[in-house]
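A quick write-up on the structure given underneath.
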Amino acid sequence: MGQESFIYSFVARGTMILAEYTEFTGNFPSIAAQCLQKLPSSSNSKFTYNCDHHTFNFLVEDGFAYCVVAKDALSKQISIAFLERVKADFKKRYGGGKASTAIPKSLNKEFGPVMKEHMKYIVDHAEEIEKLIKVKAQVSEVKSIMLENIDKAIDRGENLSVLSDKTENLRSQAQEYKKQGTQVRRKLWYQNMKIKLVVLGILLLLVLIIWLSVCHGFNCTD
């Protein structure tokens, strides 16, 4: 992979290009500028346009746009890696100061060679960067799966909690039913005992009446 994989790059504040770099001639700067005009100014995002076997890649963040035009054979991930590197360097050099006041193309002399160096670095280390991107993607996938499993575990936990609540309610109801059953049995026992005592009292009263009658009729004296 040669450095010619990257064709053109610029950094813009809004739609104003502050610095640009290329070693090639063509209409790609005007096409990139047209794409820049169409970008949502308030959005922090990444965009890629395809035109004539080239990709126009944009990274928009905090009112600044970072662009690189590359041959379509170069992966989008590599182009984005270049833009991330340019963004970090630009913010480190000019963030909060010169970047907010610079006039169009005024940073070409200072930052143009810097973009060239980043192009060379990315091209020379493209294989390692692609491997790193794949590892990050795998880590992100694993993280996503773990979060999904955690969500499912939480859902299961909620279901178990509901089941536990239902079980607790059933246990409480069972205890209440047992308590009520005990009270009913006691009530029935008291009622049964009361009936037995009444019957026993009646029997004793009858015995007493009979005894008194017998004793009165036969003069029960010594």
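Residue numbers count from 1 along this sequence.
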Beyond-backbone contact of Gln77 with Glu130, side-chain heavy atoms, under 4.5 angstrom:
no

Compare every heavy atom of Pro29 with every heavy atom of Gly26, then report the nearest pair and how far apart it is.
O-CD, 3.4 Å

Between Arg93 and Leu107, does a side chain to side chain contact (heavy atoms under 4.5 Å, CB included) hold up when you go through it step by step?
CA-CA 11 Å; Arg93 292 170 183 262; Leu107 299 180; over 6 Å; no

Step-by-step side chain to side chain contact (heavy atoms under 4.5 Å, CB included) determination, Ser9 to Phe82:
CA-CA 10 Å; Ser9 181; Phe82 166 78; 3.4 Å; yes

Parallel, tilted or perpendicular: which one describes the rings of Phe28 and Tyr8, with boundaries at 30° and 60°?
tilted

Do the side chain of Asn108 and the main chain of Tyr21 share a donor and acceptor less than 3.5 angstrom apart?
no

Could you walk me through whether Ser45 and Phe58 pass side chain to side chain contact (heavy atoms under 4.5 Å, CB included), step by step?
CA-CA 8 Å; Ser45 190; Phe58 291 85; over 6 Å; no

Taking atom OG1 of Thr15 and atom NZ of Lys38, what is their separation to the nearest 0.5 Å?
14.0 Å

Please say yes or no: joined through hydrophobic side-chain contacts below 4.5 Å, possibly via intermediate residues, are Leu132 and Met119 part of one cluster?
no

Between Asn57 and Lys46, is there a side-chain heavy-atom distance shorter than 4.5 Å?
no

To check you understand the geometry: which heavy-atom pair defines the closest contact between Ile122 and Arg85, and what is its length?
CD1-CD, 4.1 Å

Residue pair His54 / Ile31, side-chain heavy-atom distance below 4.5 Å:
no

Do other residues, nucleotides or ligands put more than 12 heavy atoms under 6.0 Å from Glu128 CD?
yes

Tell me every residue that passes side chain to side chain contact (heavy atoms under 4.5 Å, CB included) with Ser30, counting only those two or more places apart in sequence or in another chain.
Asn27

Pair Thr55, Leu74 - check side chain to side chain contact (heavy atoms under 4.5 Å, CB included), show working.
CA-CA 9 Å; Thr55 60; Leu74 191 67; over 6 Å; no

Going by ring-ring contact (aromatic ring centres under 6.0 Å, His included), name the residues that satisfy it together with Phe111, two or more places apart in sequence or in a different chain.
Phe90, Tyr94

When rounded to the nearest 0.5 Å, the distance separating SG of Cys67 from CG of Leu83 is 7.0 Å

Could you name each residue pair satisfying salt bridge (Lys or Arg N to Asp or Glu O under 4.0 Å) that touches residues 25-37, not counting sequence neighbours?
none

Can you confirm whether Val68 sits close enough to Met115 that some side-chain heavy atom of one is under 4.5 Å from a side-chain heavy atom of the other?
no

Would a single hydrophobic cluster contain both Tyr121 and Leu59, if residues Ile, Leu, Val, Met, Phe, Trp and Tyr are joined by side-chain heavy-atom contacts under 4.5 Å?
yes

